[in-house]
Amino acid sequence: MRIALSFFIICIMFTSCAPSPENSRKGIAGTWRLVSMTCRDQKTGAENDLWGKDPIGFLTYTPEGRMSAVLASASRKITAESAEKASPEEQLMLFRTSFAYAGTYTQKDTVILHHVEVASDPTWIGKDQVRYFHLEGNKLTITGPPLQTVSDPHPQVLTLVWERVE
């Protein structure tokens, strides 16, 4: 009985204390393709697809602790031959419907801190971005903390679903 109890306690210790493969850097390391990006109003619960049904993007985590993300609306179109030659209105639309940043990351349990070194929004540089994640099979769901924006009267929560490509 004592041996069985000891074995049971050891099994519990290993399964509850050791990081699971899904919650380790190895579990999130790789390249991920954006599947969906929804925004949920914290007060009303209303959800919408922030950049339409088919946003595009990639997220990469390396086992060494580097990360990069680039996201955009799939419906971005301009009439000029390049963004540089686009009208100010089109350039504004391009800026508002895309985002990119990169740096290092640290991960503990289901929280990832992105330590931003370069970003399309310069106010992010040198700051940490908190992300919460859930990994299930080849799907990675990342949620940010509630954010208050100028255009929304209530805090919004952004949820991004990614699918592993590597």
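Quick caveat: nothing in here was measured; it's all calculated off a predicted structure.
Side chains of His115 and Glu117: no donor on one and acceptor on the other come within 3.5 Å. Side chains of Arg76 and Ser98: a donor on one and an acceptor on the other come within 3.5 Å.
Remark: aromatic rings of Phe99 and Trp124 are close, center separation under 6.0 Å.
Using cut-offs of 30° and 60° on the angle between ring planes, the pair His114 and Tyr101 is tilted.
In this structure, Glu163 and Leu34 have side chains that are not in contact, with every pair of non-hydrogen atoms separated by 4.5 Å or more. Between Leu113 and Gln129, every side-chain heavy-atom pair lies at or beyond the 4.5 Å cut-off. A heavy-atom distance below 4.5 Å is found between the side chains of Met37 and Leu71. Side chains of Glu136 and His134 form a contact here, defined as non-hydrogen atoms less than 4.5 Å apart. Between Ile112 and Thr106, every side-chain heavy-atom pair lies at or beyond the 4.5 Å cut-off. Side-chain contact between Val157 and Gln42 is present, with heavy atoms from C-beta onward closer than 4.5 Å. With a 4.5 Å cut-off on side-chain heavy atoms, Phe133 and Ile28 count as touching. Within the 4.5 Å cutoff, no side-chain heavy atoms of Asn48 are placed close to those of Thr38.
When all heavy atoms of Thr104 and Met67 are compared, the pair lying nearest together is O-CG, 3.9 Å. For the residue pair Trp32 and Asn138, the shortest heavy atom distance occurs at CZ3-O, 3.4 Å. Between Glu90 and Ala80, the shortest heavy-atom contact is OE1-N, 3.9 Å.
Note that the OG1 atom of Thr110 and the CD1 atom of Ile142 stand 11.5 Å from one another [nearest 0.5 Å]. In this structure, OG on Ser73 lies 8.0 Å from CE on Met93, to the nearest 0.5 angstrom. With rounding to the nearest 0.5 angstrom, the OG1 atom of Thr159 is 6.0 Å from the CZ atom of Arg40. The CZ atom of Arg164 sits 12.0 Å away from the NZ atom of Lys139 when rounded to the nearest 0.5 Å. Considering OH of Tyr61 and OG of Ser68, their distance stands at 9.5 Å, rounded to 0.5 Å. Taking OG1 of Thr79 as the start and CD of Glu89 as the end, the distance is 10.0 Å to the nearest 0.5 Å.
Both Val116 and Leu158 sit in one connected hydrophobic cluster of ILVMFWY residues. Membership requires side-chain heavy atoms under 4.5 Å apart, directly or through other members. Linking Ile, Leu, Val, Met, Phe, Trp and Tyr residues whenever their side-chain heavy atoms come within less than 4.5 Å leaves Leu94 and Val70 in two separate clusters. The hydrophobic clustering, which links ILVMFWY residues whose side-chain heavy atoms are closer than 4.5 Å, places Val35 and Leu140 apart.
Between the side chain of Asp109 and the backbone N or O of Val111, no donor-acceptor pair lies under 3.5 Å.
Surrounding NZ of Lys43 are at most 12 heavy atoms belonging to other residues, nucleotides or ligands under 6.0 Å away.
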For residues 50-60, tabulate all N or O donor-acceptor pairs below 3.5 Å that involve a side-chain atom, not counting sequence neighbours.
residue : atom : partner : partner atom : Å
Lys53   : NZ   : Asp49   : OD2          : 3.0
Thr60   : OG1  : Thr31   : OG1          : 3.3

